[in-house]
Q: 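First, the structure itself, so that you have it in front of you.
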Amino acid sequence: MTPKLLKWLYGLVGMVHLLGIVFNNQEILNATKPFLLPILLYYVYQSQIEQVTLNTILLWISLVFAWLGDLALMQGDTYFLLGVGMFFMAQLCYIFLFLKSVEEPIKLKFLPLLPYLLAGIFLFYILLPKTDELLIPVFIYGLSLIGMAGIARLRQGRTNSKSYHYVLIGTILFLISDYLLALNKFVWDIPYDAIGIMTTYLGAQILITEGILQDN
């Protein structure tokens, strides 16, 4: 199957999954979610089969950890901490990947990171008092998530424009997805939360993947 067809397949399975959410059909959800990231993994493989790089390998590892996180979170609260742990590993891999996928070293700049820092402080202010015994793992994961998005922002001017913008938008969508998930779990019942969480998550993963492939 060609890379183009695999992208269409990812979009199709993603749409079916979202329909499963709309119609509250657990069978559709269970049948689609485990296959979403494996499709992306195969897309990466098919796209880079003749030119595997360190970036390709890091992207693969990141997606595998995210896939394991998806599987854990499908089991409900029982494996919530395991899911958080898997996504924490995915964020660390993304950070390393973003640091490596540049033409010159990334330099720490405060001003571009300010919106991320403010968003993080605001979220922690609302969220952490509600997390009880999960405070430490949620806080650590939140830091990794903000760090991942911040490093993506600092890639500007150090990679090609298409790669930078794809990854930037993807990481922002990742932030939105996880913010919605955390707020819905610990703070408020957000209407149509599952649609918002999965739509932004699906967009985040394909955009980050495409952005890294554009850089290779």
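We number each residue from 1, following the sequence as shown. Only heavy atoms go into these numbers, but all of them, side chains included; no hydrogens, no water, no symmetry mates.
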Q: Who passes side chain to side chain donor-acceptor pair (under 3.5 Å) against T159, sequence neighbours left out?
A: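 Applying side chain to side chain donor-acceptor pair (under 3.5 Å) to T159 gives D215.
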Q: Evaluate the side-chain proximity of Y141 to P137: yes if any heavy-atom separation is below 4.5 Å, no if none is.
A: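 The answer is no, as the side chains (C-beta and beyond) never meet within the 4.5 Å cut-off.
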Q: Starting from the C-alpha separation in whole Å, work towards a yes-or-no answer on salt bridge (Lys or Arg N to Asp or Glu O under 4.0 Å) for K7 and E210.
A: CA-CA 10 Å; K7 279 201 293 186; E210 194 63 32; 3.7 Å; yes
Q: State whether the side chain of S163 and the backbone N or O of G211 hold a donor-acceptor pair below 3.5 Å, judged by distance alone.
A: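 Yes; judged by distance alone, with no hydrogens or angles, the pair exists.
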Q: Side-chain contact, heavy-atom cut-off 4.5 Å: F186 with L134?
A: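 Side-chain contact under 4.5 Å: yes.
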Q: Is there a donor-acceptor pair closer than 3.5 Å between any side-chain N or O of H165 and the backbone N or O of S161?
A: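 The answer is yes, because a donor-acceptor pair under 3.5 Å joins these two groups.
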Q: Would you indicate whether M74, at its atom CE, is surrounded by more than 12 heavy atoms from other residues, nucleotides or ligands within a distance under 6.0 Å?
A: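 Buried by this count: over 12 neighbours within 6.0 Å.
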Q: Between F23 and I28, is any pair of side-chain heavy atoms under 4.5 Å apart?
A: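 Contact flag for F23/I28 side chains = no.
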Q: Does one side chain, of Y201 or D178, offer a donor that lies under 3.5 Å from an acceptor on the other?
A: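 Judged by distance alone, the side chains do not pair up.
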Q: Has N184 got a side-chain atom pairing as donor or acceptor with I190's backbone, closer than 3.5 angstrom?
A: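 At least one qualifying donor-acceptor pair exists.
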Q: When you compare the side chain of Q91 with that of F174, does any pair of heavy atoms fall below 4.5 Å?
A: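 Touching, per the 4.5 Å side-chain cut-off.
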Q: For F139 and F124, take the angle between the two ring planes, folded into 0 to 90°, and tell me which bin it lands in: parallel under 30, tilted 30 to 60, perpendicular over 60.
A: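 Plane angle between 30° and 60°, so tilted.
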Q: Heavy atoms, side chains only, cut-off 4.5 Å: are T171 and F98 in contact?
A: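 SC-SC contact between T171 and F98 confirmed.
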Q: Is it the case that the side chain of W60 and the backbone of V44 share a donor-acceptor pair, with hydrogens and angles ignored and the cut-off at 3.5 Å?
A: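 The answer is no, because no donor-acceptor pair under 3.5 Å joins these two groups.
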Q: Flag yes if more than 12 heavy atoms outside L118 fall under 6.0 Å of its CG atom; otherwise flag no.
A: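 Enclosed: over 12 neighbouring heavy atoms sit under 6.0 Å from CG of L118.
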Q: Looking at T200 and I197, would you say the former's side chain and the latter's main chain have a donor-acceptor pair under 3.5 Å?
A: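 Here the side-chain-to-backbone pair exists.
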Q: Would you say V138 and V84 make side-chain contact, with heavy atoms under 4.5 Å?
A: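 No - every pair of side-chain heavy atoms lies 4.5 Å or more apart.
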Q: Hey, does the side chain of N160 reach the backbone of Q214 with a donor-acceptor pair shorter than 3.5 angstrom?
A: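 Yes: the side chain of N160 pairs with the backbone of Q214.
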Q: I'd like to know if the side chain of Y43 pairs up with that of Q48 as donor and acceptor (distance under 3.5 Å, no hydrogens or angles considered).
A: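 Distance-only check fails for Y43 and Q48.
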Q: Are any of the side-chain heavy atoms of Y166 and I208 separated by less than 4.5 Å?
A: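 The answer is no; the side chains never approach within 4.5 Å.
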Q: N24: which residues meet the side chain to side chain donor-acceptor pair (under 3.5 Å) condition with it, sequence neighbours left out?
A: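 With sequence neighbours excluded, N24 shows a side chain to side chain donor-acceptor pair (under 3.5 Å) to no residue whatsoever.
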Q: Group every Ile, Leu, Val, Met, Phe, Trp and Tyr by side-chain heavy-atom contacts under 4.5 Å, then state whether L81 and F65 land in the same group.
A: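 Shared cluster, yes.
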Q: According to a hydrophobic-cluster definition based on side-chain heavy atoms being under 4.5 Å apart (Ile, Leu, Val, Met, Phe, Trp, Tyr only), do W188 and L180 belong together?
A: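 Yes; L180 is reachable from W188 via cluster members.
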Q: Any side-chain heavy-atom pair from K185 and D77 closer than 4.5 angstrom?
A: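 K185 reaches D77 side chain to side chain.
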Q: Would W8 and L19 show up in the same hydrophobic cluster when neighbours are defined by side-chain heavy atoms closer than 4.5 Å?
A: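 In one cluster with W8: L19, no.
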Q: Within the side chain of Y94, is there an N or O that forms a donor-acceptor pair under 3.5 Å with the backbone of A149?
A: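 No, Y94 side chain to A149 backbone: no donor-acceptor pair under 3.5 Å.
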Q: Just by distance, no angles: are the side chains of R158 and S101 close enough, under 3.5 Å, to form a donor-acceptor pair?
A: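 No, because no side-chain N or O of R158 sits under 3.5 Å from a partner of the opposite role on S101.
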Q: Tell me if the CZ atom of F80 is crowded by more than 12 foreign heavy atoms within 6.0 Å.
A: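 For F80, atom CZ is crowded (more than 12 foreign heavy atoms under 6.0 Å).
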